[in-house]
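Everything on this sheet refers to the single structure shown next.
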There are 2 protein chains.
Amino acid sequence: MLDFSHLRCFSAVAEELHFGRAASRLNMTQPPLSRQIQVLERVLDVQLLDRTSRSVRLTAAGRSFLPEAQRILRLAETAAHVTRQVAAGKAGVLKLGFTAASAYDFLPRLVTACRAALPDVTLSLREMVTKDQVEELLAGRIDAALVRPPTTHPDLTAVRALAEPIVAAVPADHPLAGRERLALSDFQAEPFIAYAPHEARYFHDLVVGLLAEAGVQPNVLQQLTQIHSILALVRAGLGLALVPAAAERLRFEGVVFRPLVLAQPRPAELFLAWRRGDDDPLIGRLVAILAALPEG
Amino acid sequence: MLDFSHLRCFSAVAEELHFGRAASRLNMTQPPLSRQIQVLERVLDVQLLDRTSRSVRLTAAGRSFLPEAQRILRLAETAAHVTRQVAAGKAGVLKLGFTAASAYDFLPRLVTACRAALPDVTLSLREMVTKDQVEELLAGRIDAALVRPPTTHPDLTAVRALAEPIVAAVPADHPLAGRERLALSDFQAEPFIAYAPHEARYFHDLVVGLLAEAGVQPNVLQQLTQIHSILALVRAGLGLALVPAAAERLRFEGVVFRPLVLAQPRPAELFLAWRRGDDDPLIGRLVAILAALPEG
DNA sequence: CCCGATCGATGCGCGCCCGGCATCAATCCA
DNA sequence: TGGATTGATGCCGGGCGCGCATCGATCGGG
């Protein structure tokens, strides 16, 4: 049966065309090297080298086998190296899910930090709502997920990746646009663009909770899922909205963002979740990168 | 040091996820298989498998190593197979030189026969004059050559590949075009397109010899190297020419070819030459194919 | 023309390693 | 809680791969 040592021996002899030199390169003596070559030729049932007591030459078959042998040896070395890198969490592929809103500001920062710290790691990104991410995570189709609370599934572990403020989105020509900062009470009876209760459940519940807690009842005109759609309606002057601070990165002309005075300054949370007990070392690396990420 | 048996063992265990079944697949018992995996993990310094007494699972490193291991094993098998094929002369690359005129009829027939008999052999073709072919052959830059005589170099062996008639090329509107067959004496004092004495030495010497032997002196107007150039001048009505029968394959409109009555019916010879003692089995295959080729 | 040097092949003996058997230890199921 | 399953481990025997010594072929120099 074919063996790496045969390939190493053949490769050395074929390169040196001299058994003695090849043997010393392989840290062995000439006799066992001669035998290794004989065994290889017997295994392949092919004469690879024409040798007399004065010269060693490759046969046509040997010439064709040499690059293959070298390639296989090289592949084995790189495979070993890559595997060590993967085990150290320094190489490999991490399939990461994320919510649409996290792509506005947080995800690019995370990806940039990963590229810098782990240049040989490939992040495979997929946008999904939190519910689908949990499903895909449990099914093993993604390895980590940027999700909204709650993150209490028994088979998942999660750490908070981000807590960000909620800001008011106001049409540029609206009276409130002139104010430095707003309070929830400013929204009383104002036309309001809200989140859809199912498709954008987290922000819907968050905003509804904040308003209810403050006893404020805006005039809800529309319920939408996507933040950029909400901002488009705000720009059109249809009403005000409450959006995560990261939405400012969308740079919507005609919409101004104003800080919102809240008891809890950063109520919008994002978590990194993964399968409990997942031994992929990339998870640990990712959590470490996350912890070192400057707060945005 | 990494070893094929490690890869085979790992591959089997990773596919079966069961040491006992993997062992029986490898025709061995379970204990040495466990040890092989331990050795592999020690060599790589990486844990590839998470195993308890009830379950075997791949780690992230193992998942990345498995396809590499399988690929290396597959490569080794195909390399062995290809090498056996090369040794049998059934695969590989043969660099073949040929003269321009041999490409008119003989070379395509030879290439077709090679493709049919040796589908995994690649013929790498280069057109050169005989002198250059001998040089390239000796330098090892081509492996075989279709050359014109003489083929008496001490380091080369040659067999006759072809002996073909010489035919007369006559303008369609020339009086001689009406004749069924011609003799050399018909060329006495006729305008004649001849071969260049250096660049087309073989045909030049052949034609000069034939004419001299017959005591015929045509009126040589031009000396050219390429047969298609000669035929172009014939078509233009500038004179007659003597060309190898294969030139008929060029299907030159306005030129008719007439058999030439000669003492030696097939005086134009082509030889297959190769390095004396070249052990490339493809040479032998090629010679055999040549011998089996129907005479054209 | 012969002798010595070179170099791959071979005979031989030793030691290591690999494979198999028996058994242990952990885990799961009934 | 006991038996079955399964991977790990202790142990032993045989084979094989290594190195040493030597052979045989070939080439070059005197």
Side-chain angles (χ1 to χ4, degrees), chain A residues 1-59 61-63 65-66 69 73 155 276-277 279, chain B residues 1-59 61-63 65-66 69 73 155 276-277 279:
Chain A
M1 187 125 302
L2 204 59
D3 191 306
F4 269 108
S5 80
H6 295 143
L7 300 188
R8 274 186 277 267
C9 288
F10 172 70
S11 178
V13 175
E15 286 168 20
E16 298 283 348
L17 292 177
H18 188 287
F19 277 71
R21 282 196 298 277
S24 71
R25 221 178 81 177
L26 295 164
N27 296 313
M28 64 196 296
T29 55
Q30 170 264 321
L33 177 57
S34 286
R35 289 212 177 81
Q36 288 276 17
I37 298 293
Q38 289 165 14
V39 169
L40 175 60
E41 290 182 327
R42 189 178 209 85
V43 166
L44 295 176
D45 193 25
V46 164
Q47 197 181 345
L48 298 170
L49 294 161
D50 257 337
R51 41 203 189 275
T52 68
S53 64
R54 303 299 297 176
S55 76
V56 177
R57 291 185 315 128
L58 281 166
T59 64
R63 270 191 298 282
F65 190 63
L66 176 60
L73 291 171
D155 294 341
R276 181 180 302 282
D279 65 342
Chain B
M1 187 124 300
L2 205 58
D3 190 306
F4 269 108
S5 80
H6 295 143
L7 300 188
R8 273 187 276 267
C9 289
F10 172 70
S11 178
V13 175
E15 286 167 19
E16 299 283 347
L17 292 177
H18 188 288
F19 278 71
R21 281 196 299 275
S24 71
R25 220 178 82 176
L26 295 164
N27 295 315
M28 64 195 297
T29 55
Q30 169 264 321
L33 177 57
S34 285
R35 289 212 177 82
Q36 288 276 17
I37 298 293
Q38 289 165 15
V39 170
L40 175 60
E41 289 182 328
R42 189 179 209 88
V43 166
L44 295 177
D45 194 26
V46 164
Q47 197 182 344
L48 298 170
L49 294 161
D50 257 338
R51 42 203 188 276
T52 68
S53 66
R54 303 299 298 175
S55 75
V56 178
R57 292 185 315 129
L58 280 165
T59 64
R63 269 191 299 280
F65 189 63
L66 175 60
L73 291 172
D155 294 341
R276 183 179 301 280
D279 65 342

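All chains are named by letter (A, B, ...) in the order of the sequence lines, taking the proteins before the strands, and each is independently numbered beginning at 1.
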- prompt: With respect to the phosphate group of C:dT27, does any side-chain polar atom (N or O) of B:Thr52 fall under 4.0 Å of OP1 or OP2?
  reply: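 So the side chain of B:Thr52 is outside the cut-off, no N or O lying under 4.0 Å from OP1 or OP2 of C:dT27.
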query: Do any side-chain nitrogens or oxygens of A:Ser53 fall under 4.0 Å of OP1 or OP2 in D:dT26?
result: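 Negative; the distance criterion is not met.
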- prompt: Around A:Arg276, counting heavy atoms of other residues, nucleotides and ligands shown, do more than 12 lie under 6.0 Å from its CZ?
  reply: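 For A:Arg276, atom CZ is crowded (more than 12 foreign heavy atoms under 6.0 Å).
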Report the distance from atom [atom1] of [X] to atom [atom2] of [N], rounded to the nearest whole Å.
| X | N | atom1 | atom2 | answer |
| --- | --- | --- | --- | --- |
| A:Arg57 | C:dC7 | CZ | P | 17 Å |
| B:Arg8 | C:dG19 | CZ | P | 11 Å |
| B:Met28 | C:dC17 | CE | P | 16 Å |
| B:Gln30 | C:dC18 | CD | C1' | 15 Å |
| B:Leu26 | C:dG19 | CG | P | 10 Å |
| A:Leu49 | C:dG8 | CG | P | 10 Å |
| B:Gln38 | D:dT6 | CD | P | 18 Å |
| B:Leu17 | D:dG7 | CG | P | 10 Å |

task: For B:Gln36 and for A:Phe19, find the nucleotide of DNA chain C with the closest heavy atom, then tell me which residue's nucleotide is more 5'.
output: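 Result of the comparison: A:Phe19.
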query: Would you say the side chain of A:Arg35 and the base of C:dG11 hold a donor-acceptor pair, judged only by whether the two atoms sit under 3.5 Å apart?
result: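 Yes.
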task: Decide yes or no, distance alone: a donor-acceptor N/O pair under 3.5 angstrom between the base of C:dT6 and the side-chain of A:Arg54.
output: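 Indeed, a donor on one side and an acceptor on the other fall under 3.5 Å apart.
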query: Of the nucleotides C:dC21, C:dG8, D:dG7, which has the atom closest to the B:Ser34 side chain?
result: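 Ranking C:dC21, C:dG8, D:dG7 by closest atom to the B:Ser34 side chain puts D:dG7 first.
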field: Pairwise side-chain contact, B:Arg8 with A:Met1, heavy-atom cut-off 4.5 Å (strictly under)
entry: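 In short, these two side chains touch, coming nearer than 4.5 Å.
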query: Is a side-chain donor-acceptor pair under 3.5 Å present for A:Ser34 with A:Gln38?
result: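 On atom types as modelled, these side chains do not qualify, holding no pair under 3.5 Å.
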message: Do the side chains of A:Glu41 and A:Arg51 get close enough for a salt bridge, i.e. N-O under 4.0 angstrom?
response: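 Salt bridge between A:Glu41 and A:Arg51, a charged N being under 4.0 Å from a carboxylate O: yes.
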message: Distance check, rounded to the nearest 0.5 Å: B:Thr29 atom OG1 versus B:Leu33 atom CG?
response: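 Between B:Thr29 OG1 and B:Leu33 CG, I get 8.5 Å after rounding to 0.5 Å.
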